[in-house]
Every structure is written in structure tokens, then in C-alpha cells.
Amino acid sequence: MTEPATSTVAPFVEFRSVQKSYDGEILVVKDLNLAMPKGEFLTMLGPSGSGKTTCLMMLAGFETATHGEILLDQHPINNIPPHKRGIGMVFQNYALFPHMTVAENLAFPLEVRGLGKADREAKVMRALEMVQMGGFAARRPAQLSGGQKQRIALARALVFEPELVLMDEPLGALDKQLREHMQFEIKHLHETLGITVVYVTHDQSEALTMSDRVAVFDDGRIQQLAPPDELYERPDNSFVAGFIGENNKLEGTIEAFDADKALVRLRTGELIDATPVNITSVGQETLVSIRPERVEFKPENFDEGAHTIEAEVLEFIYMGDTYRTRMRVAGHDDFVMKSRNTMGQERLQPGQKLNISWHPEDARALDP
Amino acid sequence: MSDAQADPALTGPLTTADGRPLKAALARAEARSKRRAFFLVLPLLLFVVVTFLMPIGQMLAKSVNNSGFYSWKDRDAHVNVPLMVDLRGWFDDNPVGTVPDEAAYAALVAGLSHAREVKAIGQIGTRINYEVSGSRSMFTKSARRAAKLEPPFKEALLDLDDDWDDPKLWGSMRNASKAFTIDFYLSAIDRTRDADGNIVKVDEDRAVYVLLFKRTLILSAVITFLTFLLGFPIAHLLATLPLRHSNLLMIFVLLPFWTSLLVRTTSWIVLLQSQGVVNDVWVSAGLIADESRVQMIYNQTGTIIAMTHILLPFMVLPLYSVMRPIDPSYVRAARSLGATSWTAFRRIYMPQTVPGIGAGGLLVFILAVGYYITPALVGGSSGQLISNLIAFHMQKSLNWSLAAALASLLLFGVLLLYWLYDRLIGIDNLKLG
């Protein structure tokens with residue numbers, strides 16, 4: 001996994017305080033700073049309208065930054081037209097040229113680069129083999145299924161051997177099973193070819209499974225840029241905590257805190273332990289975020305000295321590999337606890353009252 | 001599900017609940033709904049047959065069949081009276097090129113006096129007049145006296161008019177003696193028959209139709225090309241603008257449709273005539289001298305300008321309907337793959353608009369080929385098209401058979417074009433809207 005800021009190599013792709021506004025009033029992208037080393041798989045994740053696709057389009061050259069600089073291999077590319085940037089791109093709807101066969105589609109980028117016929121054919125075949133579509137050269141895009149189109153679009157973006165490939169929600173139109181399969185294949189191609197990939201998606205599981213690092217976008221800003229595990233386990237703010245994975249939220253105020261522990265008084269009066277993340281002062285409002293699978297209800301698993309809190313079971317849902325228990329905690333009816341379906345795992349009954357707890361590291365006191 | 005598999009109904013032939021074979025029952029139900037659907041389109045079908053297919057059929061029939069010399073429809077008695085029976089018999093007995101003998105003249109005189117009796121002489125004269133001009137008066141004049149003529153008839157007739165032994169006249173009477181003839185098609189391509197029945201070109205100074213066909217095709221091609229040149233950018237703009245703006249622009253494109261054709265055409269006259277707005281502006285701007293005003297109307301230029309304007313929407317609309325759904329990401333994809341914007345346009349965008357170009361081109365060309373009112377008003381003599389001549393033969397010369405032959409040639413030409421388009425581009429690639 002590539003380490004971000006500590007990396008000593010010069011960044012391959014860099015955004016320097018980039019801003020973008022379409023109408024001159026509202027900033028769609030606000031002060032974007034991002035540095036990517038060569039060979040990284042970076043995902044831009046965020047809800048629609050968060051500015052992630054705009055960033056991708058600025059990198060591809062289809063939108064111009066209204067402020068700031070974009071550098072590719074340390075050269076500013078703000079004023080370079082898209083066809084001279086040499087960036088491969090996979091579009092959401094594949095954008096395969098409908099009037100050309102698969103082979104002609106793949107040969108197009110080679111043709112405009114002035115490659116000879118023999119060279120073109122060899123490269124096209126190699127690219128098709130790479131995505132296991134060798135037998136489809138003579139087909140038209142309309143004769144392909146969604147997954148096959150996806151592979152061809154991928155092959156076309158790679159056939160001219162770009163060092164940077166952009167992907168704009170490429171798997172959005174596929175069904176779940178195919179999507180998971182293609183995620184694996186894209187990841188595999190990235191590793192074998194050593195290309196740098198910027199991937200845009202709004203699907204968090206896709207972002208987590210594929211990326212070296214994920215940039216979570218909201219409101220035109222990167223909310224957190226981190227490897228997937230860090231993003232999931234140690235979200236920087238309540239947006240990231242809420243956007244990635246399931247998450248229980250408890251509101252309260254800070255009673256006391258030091259570098260690695262905070263005592264939070266909930267609205268309903270209970271005291272709980274948490275890890276301070278963006279806490280600045282005692283008495284500050286906070287939102288404590290706890291992942292459902294980190295909630296414990298068996299006293300023998302409780303962390304020593306941790307505070308416990310009362311809970312009442314409202315609903316028990318059997319989900320196959322896990323149990324999902326919805327309970328009332330500190331006045332919230334939607335507190336969820338997830339437990340693995342292991343041998344002898346206890347099934348809680350609705351109406352049951354018990355104490356629950358968690359490791360203070362797993363509860364993160366964030367901005368409200 | 002396992003119950004259903006055990007059901008004997010599923011193992012034997014399928015039946016309905018009351019035991020009839022399912023296949024027949026389904027077929028009957030389908031036939032009923034098909035009948036109902038047919039009754040719904042029946043009024044339109046009848047309308048099309050009566051107002052479209054029958055006139056075309058009549059026109060085609062008229063172009064090869066003219067009974068002017070053959071039979072006379074008595075409108076009071078509602079019977080067809082055969083004409084020139086004896087003469088037709090003589091033509092049948094004697095081969096082409098036989099010099100008419102006394103028997104032939106006797107038959108002609110008998111036919112003339114009979115025709116005068118049944119008041120059909122005008123029709124006969126008109127029919128022969130199509131081919132031998134000036135012969136109509138000869139027929140009526142001679143027919144008036146035919147009953148009183150004494151043998152030998154040849155001399156008697158030649159006394160009345162010495163053109164009666166003209167071999168060309170006899171040739172055309174022989175042609176006309178059969179109701180079925182392709183002579184009108186021959187005339188339509190500037191051919192005629194000489195006295196011996198051979199097909200020859202007509203005199204240079206009387207050959208007009210081929211020239212007009214050529215001019216019609218060339219002008220239509222020019223107009224089609226101009227509408228394409230002007231319409232393509234507009235359609236592209238319409239297709240790429242946000243819907244709110246493009247709807248407003250679309251109104252401007254459609255505006256000419258809502259204005260009378262006559263008004264639009266006459267407004268071009270106002271603009272383009274030599275004392276018109278455009279010339280006045282040029283003169284006052286000092287671009288041209290007052291005495292050398294440009295003649296832009298009552299000639300081919302006028303026809304081209306006015307028709308291009310009138311037919312422009314027929315090019316813009318099919319183009320627009322093809323361009324609108326073309327995803328902008330195709331061009332973006334081409335650009336990201338290394339194509340310049342011109343290459344992306346030429347290789348990726350243009351080919352996808354071909355169905356619209358084809359449809360618009362075909363539509364404009366076919367409309368232009370048959371256009372009548374605009375060339376009639378602004379074409380002068382050099383801007384007349386074949387349709388103006390067809391109208392002339394329909395309304396002035398009353399040679400309907402020739403008009404029908406000209407119109408049929410036009411129809412076949414358009415069908416040929418359609419067939420060519422199908423072979424080259426494929427008719428399923430046509431997108432009209």
C-alpha cells in the first residue's frame with residue numbers, strides 16, 4: 001500500500017489549490033489539494049454533486065480549473081487540450097463508438113497516433129486478450145452485453161499504453177455479481193500493468209475493496225484522504241463516519257479529554273468513553289460514532305474500566321452470516337449491534353434489557 | 001410446482017379450461033383482435049386508396065393510353081362509340097410505311113364524317129395535334145365538308161388541304177390508332193417517330209424535356225446540398241443547447257412552416273428584385289453601381305434561394321432528431337483517445353449523423369424535384385422546373401397523357417433514387433424524426 005504524505009518520490013498527479021465554478025458564483029470544487037505517486041489506485045468517493053466527477057473532468061481536460069494548477073508528471077497541464085494529455089479514460093456509459101467494430105474502436109487511438117496497420121493489429125489483439133475478449137474483434141458494440149462492453153472500454157483506454165487511466169463510475173451499469181467480478185479484474189490489471197488509476201464512484205464498498213487510497217468528497221472538498229482501513233476505522237469527521245459503512249451516532253458534550261481519551265456526557269445523562277478526534281475544548285458538543293460490529297454485550301468482552309451503558313432490545317434480525325440487533329440506547333431507537341453468527345452465539349429477545357460497552361478506541365468523538 | 005408437473009394436462013397437448021385445443025383458441029383470439037385492428041385502420045386505408053393509389057394508377061394508365069383517336073365517350077348515352085373503324089382496319093392490313101391509297105382516304109373520309117356526327121372530331125384533332133401541330137384545325141375544317149365529298153377521296157381531301165398526304169400525319173394517325181402507346185414517353189424524353197416508325201430525336205429547337213429534367217435534377221441537388229450546408233450547424237446547435245434555449249430556437253426553425261408558402265415566396269420577390277431591398281442596400285452602400293443592379297430573381301438564382309429557404313426545415317428536423325440523442329461522451333472519448341476536435345468530429349460525430357443526413361437529403365431532394373409554386377413565381381424562364389411543364393400540359397395544352405408520362409418519369413426517378421439509397425446506406429438507417 002502506498003503511503004501518502006510520507007512518500008519521497010515526486011507526485012505523478014498533483015492538484016494545487018484547484019477551484020472550479022461553472023457560473024462564477026458557486027464553487028463546485030473548493031481548494032482541492034491532492035498528490036498522487038505513480039502507480040497508485042486512488043478513488044474519489046462521494047455523494048452526487050460533491051465535485052468528484054468535476055475533478056476527474058478537469059484532470060482529463062474537459063473542464064478547466066477556474067483557479068489553481070493541475071500537474072501531470074510535474075508539468076502543469078491546465079492549458080493542454082485533452083487529446084494531448086495522453087490520459088486513458090473509461091466512461092460511465094462506456095462510450096464505445098457504435099458505428100465501429102470492437103477492433104476499430106480499439107484501433108482508433110492508435111490510428112490517430114499514426115501507427116502502422118501491422119502495429120495496430122498486434123496491439124489491438126494484445127489488448128483484447130488482456131481483457132479476455134480475443135474472439136470479439138469483429139463485433140459491433142450493440143452486439144455486446146454490459147460486461148463485455150465494459151471490458152472493451154477498458155481495453156480501449158489501455159491500448160495506447162497511457163500511464164494514467166481515469167475511470168468515471170465504470171461499473172455503475174452492471175449488476176452486483178458482475179460488478180464484483182469486474183472490480184477484481186480492474187484491480188488485477190492495475191497491478192500487472194503498473195498504471196496509475198483515478199477512479200470515481202459513489203459506491204463505498206467498491207472504493208474500499210479496490211483502492212490504495214480513497215478521497216472522500218463532500219461539498220467540493222476532500223473530507224478525508226486515507227487508505228481504506230484507516231478511512232473505515234478512524235474516520236476524521238462525522239461526514240466520513242456516516243458516509244462509509246454503518247455507524248451509530250450518539251450526541252453529547254465533552255466532560256474531560258486528554259490526548260487519547262475523552263469522557264462524553266450523553267444528552268440523556270450517561271457517561272461513555274471515546275477517542276477524541278477533532279475535539280478542542282471541554283464542554284464542546286460532539287457526535288460519538290461507533291461501528292455496529294464493535295459493540296459488545298457480553299461482560300467478559302468488555303474493556304477493563306470502560307463505561308457501560310444500558311440498552312433495551314427492540315428487534316432481532318437474522319441476516320445469515322450476522323445477527324443484527326436494534327436497540328434503544330440513550331434515547332435513540334436506531335442503535336444497531338452486529339454480531340457474528342458463530343457457534344453458540346446468543347440470540348437476544350426483544351424486550352430484553354442489558355448493558356453494552358465498547359473499546360474506547362472504537363468510539364470516536366467527532367464534530368457534531 | 002410438483003403438483004403441476006403431475007397434471008396430465010401438461011404432458012398431453014395443451015387445452016383451455018373447457019377442453020378445446022389451446023393453440024386453436026389462441027389463434028382465434030388473435031385473429032379477432034387483428035380484425036378489430038384492421039377495422040380501425042380501414043378508413044385511412046380507403047382514404048389512401050381513393051386519394052393516392054387510384055390517382056397514381058390513373059396517371060400511369062393515362063401515360064400509356066390515350067383513346068382520343070380510338071373511341072368517344074358519349075356522355076348522354078353513356079356508351080363508348082368506336083371511331084375511325086375503317087381507317088384502323090386499313091392500318092392493320094397494311095404495314096408501316098405503306099403509301100396511303102384510295103381505300104385509305106375513303107376510310108379516313110368515312111371516319112371524319114362519322115366523328116363529326118357524334119361530335120368527336122375535336123377530340124380526334126386534339127389527339128393528332130399533340131404530334132403534328134396545326135393539324136387540329138385541318139381535321140375540323142375537313143370534317144365539316146367530309147359528308148359532301150365525292151370519290152376519288154384522295155383528290156377531294158387534298159383539294160381541301162394539301163397537307164393531307166403528309167407522311168408524318170399518316171404516321172401519327174397510325175400511332176394513334178392504337179389506344180396503347182409509349183409515344184408520350186418518347187415525347188417526354190425528346191424523341192419522336194419518323195414516317196417509317198423509327199424512333200428519332202426531335203429537332204434541336206423543340207427539345208425541352210431532357211433539358212428540363214437535367215435542370216430539375218441539378219437544381220435539386222444544389223438545393224439539397226445548400227440546405228445540408230446551412231442546416232447541419234443549426235441542427236448541431238439545437239442538439240447541443242440546453243432544452244430551454246433549443247426549444248426557442250426550434251420555433252424559429254419552424255416559423256416558416258406556419259407562414260403561407262405564397263407569402264414567403266413573394267417576400268423573396270420583394271427582397272431580391274432589381275429594385276428590391278437587397279439591391280437597394282447594396283447600391284446605397286456603394287457596393288454596386290445603380291445601373292448594374294444584380295438580377296437575383298426570375299432566374300435560377302431566385303429559384304435556388306427561395307427553395308433553399310423553404311426546404312431548410314426538412315433538412316434541419318431529421319438532422320436534429322438524429323443528433324439530439326448522440327451522447328457528448330462519444331466525442332469526449334475520442335478526444336481522450338488522442339483525436340483532435342476535427343478528427344473527433346469527422347470520424348466519430350459525423351458518421352453517427354449519417355441516417356439524419358440521408359433522411360434529410362432524400363426528403364429535400366424529393367420535395368425539390370416535384371416543387372411547383374416557387375419556381376413558377378420566382379423562376380422566370382431559366383428557373384422553371386419539370387413540374388412547371390407538367391402543370392402547363394395539365395392546364396394549358398391539355399395534353400394530359402404527356403403530363404402523365406412526364407410525372408411518371410419523375411416518379412420512377414424518385415423510386416430509383418430510393419432504391420439506390422437503400423443499396424448504398426440501407427433504408428433501415430433512415431431516420432425521419
Side-chain angles (χ1 to χ4, degrees), chain A residues 22 53 56-57 59-63 80-101 104-115 120 124 127 140-142 149 152-162 164-170 173 198, chain B residues 228 232 235-237 239-246 318-362 421-432:
Chain A
Y22 287 104
T53 299
L56 197 76
M57 289 302 165
L59 188 50
F62 298 124
E63 300 289 355
I80 295 179
H83 66 276
K84 288 191 180 149
R85 296 193 180 191
I87 299 176
M89 185 151 182
V90 181
F91 290 82
Q92 191 167 10
N93 56 0
Y94 319 125
L96 296 177
F97 309 135
H99 57 293
M100 296 183 179
T101 63
E104 285 166 345
N105 260 283
L106 262 70
F108 183 77
L110 306 174
E111 220 179 306
V112 296
R113 283 176 171 75
L115 256 73
R120 285 204 306 257
V124 165
R140 298 243 168 208
K149 281 185 198 164
I152 299 302
L154 204 57
R156 192 180 63 178
L158 296 170
V159 71
F160 60 100
E161 291 157 13
L164 175 63
V165 176
L166 313 181
M167 303 193 187
D168 184 13
E169 308 209 16
V198 180
Chain B
F228 167 71
F232 197 90
H236 181 68
L237 185 69
T240 44
L241 275 180
L243 215 53
R244 196 159 40 92
H245 301 290
S246 72
L319 276 177
Y320 169 75
S321 80
V322 167
M323 285 174 176
R324 185 97 228 173
I326 296 179
D327 196 309
S329 69
Y330 289 126
V331 170
R332 286 187 163 186
R335 300 271 281 143
S336 81
L337 293 171
T340 59
S341 47
W342 166 241
T343 309
F345 173 78
R346 191 173 51 86
R347 296 279 317 273
I348 304 305
Y349 191 79
M350 253 320 240
Q352 293 188 60
T353 61
V354 163
I357 299 173
L362 210 59
Y421 182 89
D422 186 33
R423 290 299 299 272
L424 293 178
I425 302 174
I427 223 73
D428 47 341
N429 263 333
L430 202 67
K431 199 158 181 278
L432 285 171

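Naming convention: chains lettered A, B, ... in sequence-line order (proteins, then strands); numbering from 1 in each chain.
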Residue pair B/Leu337, A/Val112: steps toward the side chain to side chain contact (heavy atoms under 4.5 Å, CB included) verdict: CA-CA 8 Å; B/Leu337 293 171; A/Val112 296; 5.7 Å; no
- Item | A/Met57 vs A/Asp168, side chain to side chain contact (heavy atoms under 4.5 Å, CB included): CA-CA, chis, key distance, verdict | CA-CA 9 Å; A/Met57 289 302 165; A/Asp168 184 13; 3.8 Å; yes
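Of the listed residues (A/Met100, A/Arg156, A/Met89), the one with the most heavy-atom contacts under 4.5 Å to chain B is A/Arg156. Among A/Phe108, A/Phe160, A/Tyr94, the residue making the largest number of heavy-atom pairs under 4.5 Å with chain B is A/Phe108. Comparing B/Gly338, B/Ala334, B/Pro351 by how many heavy-atom pairs each has under 4.5 Å with chain A, the most go to B/Gly338.
Here A/Phe97 contributes atom CZ and B/Gln352 contributes atom CD; the two are 8.5 Å apart, rounded to the nearest 0.5 Å.
Heavy atoms closer than 4.5 Å to chain B are found in both the backbone and the side chain of A/Phe62. Proximity to chain B (any heavy atom under 4.5 Å) is restricted, for A/Asn93, to the side chain, taken from C-beta onward. Contacts between A/Leu96 and chain B at a heavy-atom distance below 4.5 Å involve the backbone alone (N, CA, C, O). Contacts of A/Arg113 with chain B are made by side-chain atoms alone, with heavy-atom separations under 4.5 Å and no backbone atom involved.
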All N/O donor-acceptor pairs, side-chain side in residues 342-349 of chain B, below 3.5 Å, sequence neighbours left out:
| from | atom 1 | to | atom 2 | distance (Å) |
| --- | --- | --- | --- | --- |
| B/Thr343 | OG1 | B/Thr340 | OG1 | 2.8 |
| B/Arg347 | NH1 | A/Glu111 | OE2 | 3.0 |
| B/Tyr349 | OH | B/His236 | ND1 | 3.0 |

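Sorted by first then second residue, the salt bridge (charged side-chain N to carboxylate O under 4.0 Å, His left out) pairs that include residues 323-343 of chain B, not counting sequence neighbours, are A/Glu63-B/Arg332.
Looking only at distances, a side-chain donor or acceptor of A/Arg140 sits under 3.5 Å from a matching main-chain atom of A/His99.
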